[in-house]
Amino acid sequence: MGLTIGVPREVFPGEKRVAAVPETVEKLIKLGFQVAVESSAGAEANFDDASYVAAGATIADSAPALWSSADIVFKVRAPVTDEVSLMHEGQTLVSFIWPAQSADLMTAFTTKKVTVLAMDCLPRMLSRAQKMDALTSMAGISGYRAVIEAANVFGRFFNGQITAAGKVPPAKVFIAGAGVAGLAAIGTAASMGAIVRANDTRAEVADQVKSLGGEFVAVDYAEEGGGGGGYAKVMSEGFQQAQREMYAKQAREVDIIITTALIPGKPAPKLITAEMVHSMKAGSVIVDMAAEQGGNCELTEPGKAVVKHGVTIVGYTDLTSRLAKQASTLYGTNLFRLAEELCKTKDGMINVNMEDDAIRGLTVIKDGAVTWPAPPPKLPPAPIPKPASAVVAKKSHGHGAPSEPMSGGKLAVMFAIAAGLFWFVGANAPPAFLGHFTVFVLACFVGYMVVWNVTPSLHTPLMSVTNAISSIIVIGALVQIAPPAVAGISRPDELIRWIALVGIALTAVNMFGGFAVTRRMLAMFRK
């Protein structure tokens with residue numbers, strides 16, 4: 001029998017998510033685990049006990065019964081004191097922990113001699129760890145919901161409209177921080193028709209902002225703000241002053257501000273001052289997504305929506321819980337993917353492999369011993385840059401334009417050589433070969449002019465070449481079916497004509513099919 005995974009009901013006030021949904025329960029059972037779910041654990045996320053039973057789980061009547069029987073516990077929020085008291089030695093806990101802010105909790109775990117995997121400590125720079133990245137999953141939901149909350153209290157349409165009663169201007173939205181949550185907010189606000197502006201200390205996200213329909217507003221100060229792991233770092237005082245001036249200008253112009261700025265292990269930076277709030281237009285909205293860590297706005301009250309100076313400041317700390325069903329499904333999938341990594345043998349037994357960079361990063365306590373923080377993961381070495389001379393040589397001999405245009409003398413010599421070759425072939429080749437050679441040259445010329453003059457964005461290089469070859473085949477086959485009246489060319493027999501006809505049919509499928517595929521590919525990028 002495999003180990004038992006327990007899914008308790010979350011006791012944190014306002015928390016509606018659950019760590020496993022019926023869909024992921026079925027998958028966990030296929031890995032060899034047994035799954036026990038506390039009664040009503042998924043009720044707030046619209047998953048009743050019957051759906052868990054149908055998926056193969058057992059229902060525990062109470063929290064003590066679940067914690068005592070579970071070998072592994074899947075949770076959303078870090079356990080409270082009463083839950084820690086229910087843990088037993090050798091148990092494994094998988095949850096959000098935030099060890100940097102939870103010293104007392106870490107001490108309690110070591111006393112219980114348990115193993116703890118913190119979903120917030122996953123090394124996010126590892127590409128194979130993305131399937132387990134619960135922080136990204138939850139941030140995307142929070143960013144989407146932040147825009148919905150702003151629209152709920154905003155007094156106008158997001159999109160501009162022209163009606164019989166007059167013209168309605170579009171809402172102007174400024175998003176501070178273009179991480180995962182910020183990008184989700186940008187995409188949502190832009191799709192609702194708002195004029196979206198965004199800023200981030202990491203200059204590399206500017207293209208991502210633009211691709212989602214937003215305008216990147218840069219700070220007039222040269223400093224890179226990437227802090228690794230998808231987070232920003234603390235900036236210099238000079239940068240912060242320039243940033244405050246830019247925020248003050250945006251506050252006077254926009255209708256909605258959404259802030260997402262967080263720095264791991266530190267309180268949320270104060271980006272929006274009381275003076276900026278006072279300068280905003282009456283009826284404006286601020287959604288502070290960092291409210292749980294103190295907030296990016298000086299006037300934010302965590303957990304509440306308040307009105308100050310005529311501006312509604314939304315400081316909800318449960319944005320993900322306001323989309324509980326979707327959030328639970330994504331988080332449950334992240335935990336299932338983690339279970340796959342822990343149980344590669346699919347026998348219901350786990351191996352917390354400390355040699356695995358992803359698992360090592362997640363593991364903050366192993367059998368009662370603190371293993372946090374983890375050492376930096378071993379990233380693959382950067383590719384060795386090619387010498388500049390090799391790059392220049394490749395460009396000059398590749399498919400791109402040469403580094404220098406060909407001189408008139410060289411071009412004249414090349415034409416003279418080509419003309420001499422054509423004269424030699426025409427003077428010495430038999431009439432039959434000359435006719436075929438003429439058709440071949442014409443086919444190459446027509447194929448080049450027809451295909452290569454098409455806009456490159458409409459086809460791939462491979463399709464360009466195949467269509468050029470196909471055009472040559474079609475012209476050659478047409479000549480075989482109805483040869484021109486050229487001396488020396490005999491009429492082909494019926495077998496050759498039928499083979500040519502089949503060749504035309506197959507080539508037509510390739511040509512028209514290629515353009516059909518291209519059309520479908522282009523349709524994927526149209527709104």
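Of the charged side-chain nitrogens involved, at least one lies within less than 4.0 Å of a carboxylate oxygen, so that R124 and D133 count as a salt-bridged pair. Look at K308 and E301 and you find a salt bridge, because one of the NZ, NE, NH1 or NH2 atoms lies within 4.0 Å of a carboxylate O, short of that distance. No salt bridge links E44 with R9; every basic N to acidic carboxylate O contact stays at or beyond 4.0 Å. Salt-bridge formation is not detected for the pair K344/E340: no Lys NZ or Arg NE/NH1/NH2 atom is positioned less than 4.0 Å from an Asp or Glu carboxylate oxygen. Under the 4.0 Å criterion applied to side-chain N and carboxylate O atoms, D367 and K113 are not assigned as salt-bridge partners. The pair K75-E83 meets the salt-bridge criterion, with a side-chain N (NZ, NE, NH1 or NH2) lying under 4.0 Å from an Asp/Glu carboxylate O.
Ring geometry, W98 versus F96: the interplanar angle falls under 30°, so the pair is classed parallel (tilted spans 30 to 60°).
Geometric assessment of R77 against the ring of F12 yields a positive cation-pi assignment under the 6.0 Å and 45° thresholds. Annotation: cation-pi pair R322/Y316 present, NZ/CZ under 6.0 Å from the ring centroid and within 45° of its normal.
Side-chain contact of D255 with S284: a donor-acceptor pair under 3.5 Å is absent, judged by distance alone. Counted by atom type alone, Y247 and N199 present one or more donor-acceptor pairs between their side chains at under 3.5 Å.
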Item to check | Test side-chain contact (heavy atoms from CB on, under 4.5 Å) applied to L117 and L338, step by step | outcome: CA-CA 10 Å; L117 277 67; L338 172 58; 4.2 Å; yes
